[in-house]
**Q** 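After the structure tokens below, expect a handful of questions from me.
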Amino acid sequence: MKKVIVIAGATATGKSSFALRLAHALMTEIVSCDSIQVYRDLNIGSAKITTEEMQGIVHHCLNTRNLDQQYSVYDFQQEARAAIAKIHSLGKIPILVGGTGLYLKAVLYDYDFEKEEMIIPESSESNEILYARLLQEDPVSASSIHINNRKRILRALEIAKSGETKSQREAKQEKKPIYDVTMIVLDMPNVVLEKRIDERIRRMAENGWIEEVKHCFSDPQTWTYQSFQGIGYKEWKEYLQEKIGLEETLLTILIHTRQFAKRQRTWFRHQSTATWVNALDPFTLDRTASEIISWAKQEE
RNA sequence: GGGGGGGUAGCGAAGUGGCUAAACGCGGUUGACUGUAAAUCAAUUCUCUCCGAGUUCGGCGGUUCGAAUCCGUCCCCCCCCA
């Protein structure tokens with residue numbers, strides 16, 4: 001199996017700079033695992049790394065979509081694996097960086113998606129009826145999906161139309177990584193992380209965030225875009241409508257970002273087996289970096 | 001000084017005699033997660049516990065079998081008139 005390095009963690013934990021450091025040391029390239037940073041023009045609000053900050057390191061899976069385009073884990077899986085293959089073909093070990101847990105897992109494991117199932121048609125039927133149908137068609141999946149979780153019910157029903165249910169499809173998977181993976185999760189005490197998030201939001205507001213939002217999403221038609229659903233964008237809707245002020249908008253974004261970071265932590269804690277690293281401790285970071293570098297340099 | 005409105009759980013806000021430890025929203029906590037995942041969803045949130053018990057609705061004191069809800073009094077806040 002080919003080696004892959006994964007740097008995960010909640011938002012604002014310093015993933016990018018740590019990855020950059022490894023990329024320099026290993027003279028390799030980075031694959032971003034982020035569902036919002038794939039959109040061109042969403043730079044400030046998505047906390048995307050700037051070209052300068054990349055320091056010449058090649059970054060993949062960034063800026064690959066226009067604002068009006070849809071994107072899903074399927075697309076990411078395809079494109080990220082292609083990027084990984086390309087980096088491997090150069091004789092280098094790719095570094096995956098990101099906070100979108102599902103995306104990471106879908107690339108690393110043998111998750112199996114069908115291209116034609118991208119869009120789920122909305123239904124006019126109630127959750128109760130949809131759930132009852134799923135209970136018929138795929139009782140195994142139904143048992144693990146809550147009746148209120150309409151999106152998941154619809155997805156499972158859509159998959160069942162293919163003749164193979166969601167649970168059957170997943171049962172065929174080995175649920176093992178398809179690469180030789182070293183993965184760490186960068187983390188820090190919550191009070192510190194919340195302070196960093198707060199500071200970052202202030203900084204973004206001072207650096208042209210509002211202009212970016214106005215440039216991308218002034219037209220109410222754009223408010224339905226998937227790209228507008230990201231934290232740091234959707235909250236500006238009421239500001240643009242002049243329903244709330246700047247401070248209130250920033251506060252809402254702060255709260256949403258905190259909640260997001262919490263969900264990310266929970267995901268990595270329970271859905272991954274990565275090693276957790278205190279991102280605030282320079283000695284731990286040094287040691288972690290050198291461990292990863294020596295692992296990367298080992299012959300199989 | 002006069003008139004009016006109001007003080008309910010971390011916040012906002014219902015409730016105006018028993019069905020109320022108190023709706024609902026927000027926030028918090030915990031968690032789920034295989035196609036919008038920065039999404040979607042669940043549980044929990046006065047205190048102590050297993051049933052259950054104990055303290056709550058600005059303070060104090062009453063009325064009542066029973067009060068967040070009625071009465072008295074005190075404190076505080078907002079608006080209008082002086």
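Just so you know, these numbers use all the heavy atoms, side chains as well, and skip hydrogens, waters and symmetry mates. Just so it is clear: chains get the letters A, B, ... in the order the sequence lines come, proteins before strands, and each one is counted from 1.
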**Q** C1' atom, B:G59 versus B:C65: distance in rounded Å?
**A** 26 Å
**Q** B:C24 pairs with which nucleotide, Watson-Crick or G-U wobble, both distances below 3.5 Å?
**A** B:G12
**Q** Do A:His256 and A:Glu235 meet the criterion of a side-chain donor-acceptor pair at a distance under 3.5 Å?
**A** yes
**Q** Tell me whether the side-chain N/O atoms of A:Arg263 come closer than 4.0 Å to OP1 or OP2 in B:A39.
**A** yes
**Q** So A:Ile255, base contact, sugar-phosphate only, or nothing? Heavy-atom distance under 4.0 Å.
**A** sugar-phosphate
**Q** Taking atom types as they are modelled, is there a donor-acceptor pair under 3.5 Å from the base of B:A39 to the side chain of A:Arg152?
**A**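 Yes, a donor-acceptor pair under 3.5 Å.
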**Q** Rounded to whole Å, how long is the line connecting atom CZ of A:Phe76 with atom P of B:U34?
**A**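 Nearest whole value for this atom pair: 17 Å.
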**Q** Mind checking the P distance from B:C71 to B:G18? Whole angstroms is fine.
**A**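 It works out to 15 Å between them.
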**Q** Roughly how far apart, to the nearest Å, are B:A13 and B:G25 at atom C1'?
**A**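 Each nucleotide's C1' atom is 8 Å from the other's.
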**Q** Please report the distance, rounded to the nearest Å, between CZ in A:Phe260 and P in B:A39.
**A**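 A:Phe260 atom CZ is separated from B:A39 atom P by 7 Å.
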**Q** Measure from CD1 on A:Ile147 to P on B:C33 and round the result to the nearest Å.
**A** 19 Å
**Q** Please state whether the base of B:A38 and the side chain of A:Asp34 form at least one donor-acceptor pair under 3.5 Å?
**A**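 Checked by distance alone, the answer is yes.
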**Q** We want to know whether A:Arg150 and A:Asn127 form a side-chain donor-acceptor pair, criterion being a heavy-atom distance below 3.5 angstrom.
**A**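 Side chains of A:Arg150 and A:Asn127: pair found under 3.5 Å.
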**Q** In whole angstrom, give me the gap between the C1' atoms of B:G17 and B:U69.
**A**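 Going atom to atom, C1' in each nucleotide, I get 6 Å.
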**Q** On a whole-Å scale, what distance lies between the P atoms belonging to B:C70 and B:U16?
**A**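 The answer is 10 Å between these two P atoms.
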**Q** In whole angstroms, how far is the C1' atom of B:U34 from the CG atom of A:Asp138?
**A**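 Between C1' of B:U34 and CG of A:Asp138: 13 Å.
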**Q** Would you check if there is a donor-acceptor pair between the side chains of A:Asp34 and A:Thr100 at a distance under 3.5 Å?
**A**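 No donor-acceptor contact under 3.5 Å links the two side chains.
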**Q** What is the separation between atom CD on A:Gln264 and atom C1' on B:A32, rounded to the nearest whole Å?
**A** 16 Å
**Q** Taking B:G28 as the reference, what is the distance to B:A37 when you measure between their P atoms (whole Å, please)?
**A** 22 Å
**Q** Compute both the distance and the angle, then confirm whether A:Lys3 meets the cation-pi test with A:Trp295: under 6.0 Å from the six-membered ring centre, within 45 degrees of the axis.
**A**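 Output yes; distance and angle both within limits.
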**Q** Please determine, for the side chain of A:Thr266, which listed nucleotide (B:A38, B:A39, B:C33) has the closest atom?
**A** B:C33
**Q** What contact category does A:Glu235 fall into here, base, sugar-phosphate, or nothing, at under 4.0 angstrom with non-hydrogen atoms?
**A** nothing
**Q** Find which nucleotide of RNA chain B each of A:Trp267 and A:Arg150 is nearest to by heavy atoms, and output the residue with the more 5' nucleotide.
**A** A:Trp267
**Q** Could you work out which one of B:A39, B:C41, B:A37 sits closest to the side chain of A:Gln226?
**A**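 So the side chain of A:Gln226 is nearest to B:A37.
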**Q** Assess whether ring pair (Phe, Tyr, Trp, His ring centres under 6.0 Å) is satisfied between A:Tyr103 and A:Phe76, documenting all intermediate values.
**A** CA-CA 7 Å; A:Tyr103 283 18; A:Phe76 180 76; 4.9 Å; yes
**Q** Check the distance between B:A39's P and A:Tyr71's OH and give it to me in whole angstrom.
**A**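 Checked: the OH to P distance equals 17 Å.
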**Q** Could you go through A:Thr11 and A:Arg200, starting from their C-alpha distance and side-chain angles, then the distance that decides it, and tell me whether this counts as side-chain hydrogen bond (donor to acceptor under 3.5 Å, both in side chains)?
**A** CA-CA 10 Å; A:Thr11 188; A:Arg200 189 171 73 179; 2.6 Å; yes
**Q** Check the orientation of A:Phe113 and A:Tyr111. Use parallel for under 30°, tilted for 30 to 60°, and perpendicular for over 60°.
**A** perpendicular
**Q** With a cut-off of less than 4.0 Å, is there a side-chain N or O of A:Lys151 near OP1 or OP2 of B:C33?
**A** no
**Q** Please measure how far the C1' atom in B:G27 lies from the corresponding atom in B:U20, and state the result in whole Å.
**A** 23 Å
**Q** Given B:G31, is OP1 or OP2 found less than 4.0 Å from the side-chain N or O atoms of A:His270?
**A**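 Affirmative; the distance criterion is met.
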**Q** Ignoring the backbone of A:Lys166, work out which of B:U40, B:A39, B:U34 is nearest its side chain.
**A** B:U34
**Q** B:U64 pairs with which nucleotide, Watson-Crick or G-U wobble, both distances below 3.5 Å?
**A**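 Pair assignment: B:U64 / none.
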**Q** Examine B:A38: is either OP1 or OP2 under 4.0 Å from a nitrogen or oxygen in the side chain of A:Ser35? Give yes or no.
**A** yes
**Q** Consider only side-chain N and O atoms of A:Tyr109 and A:Glu174, and report whether a donor and an acceptor are under 3.5 Å apart.
**A**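 Checked: A:Tyr109/A:Glu174 side chains show no N/O donor-acceptor pair below 3.5 Å.
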**Q** Checking only heavy atoms, does the side chain of A:Lys175 share a donor-acceptor pair with the base of B:U34 at less than 3.5 Å?
**A** yes
**Q** Mind checking who B:G1 pairs with, Watson-Crick or G-U wobble, both distances under 3.5 Å?
**A** B:C81
**Q** Considering only atom C1', compute the distance from B:C48 to B:U40 and round it to an integer number of Å.
**A**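 After rounding to an integer number of Å, I get 36 Å for this pair.
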**Q** For A:Leu102 and B:A32, what is the distance between atoms CG and P respectively, to the nearest whole Å?
**A**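 So the CG-P distance, A:Leu102 to B:A32, works out to 15 Å.
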**Q** Is there a Watson-Crick or G-U wobble partner for B:G31 with both distances under 3.5 Å, and which nucleotide is it?
**A** B:C41
**Q** So, is A:Thr100 near the phosphate of B:A37, with a side-chain N or O under 4.0 Å from OP1 or OP2?
**A** no
**Q** Classify the nucleic acid contact of A:Ser46 as base, sugar-phosphate or nothing, counting any heavy atom under 4.0 Å across all strands shown.
**A** base
**Q** Establish, with yes or no, whether the OP1 or OP2 oxygen of B:C41 is under 4.0 angstrom from a side-chain nitrogen or oxygen of A:Asn148.
**A** no
**Q** Can you tell me how far C1' of B:A37 sits from CD of A:Gln70, to the nearest Å?
**A** 14 Å
**Q** Does OP1 or OP2 of B:C33 have a side-chain N or O of A:Gln271 closer than 4.0 Å?
**A**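 Yes, because at least one side-chain N or O of A:Gln271 sits under 4.0 Å from OP1 or OP2 of B:C33.
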**Q** Does B:G27 have OP1 or OP2 sitting under 4.0 Å from an N or O in the side chain of A:Gln259?
**A** yes
**Q** Both A:Asp110 and A:Gly230 contact RNA chain B. Which one's nearest nucleotide lies toward the 5' end?
**A** A:Asp110
**Q** For B:A37, does either OP1 or OP2 sit under 4.0 Å from a side-chain N or O belonging to A:Tyr103?
**A**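 Yes, within the criterion.
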**Q** Quick one: is B:G31 close enough that its OP1 or OP2 comes under 4.0 Å of any side-chain N or O from A:Arg269?
**A**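 Answer yes for this pair, as a side-chain N or O of A:Arg269 is under 4.0 Å from OP1 or OP2.
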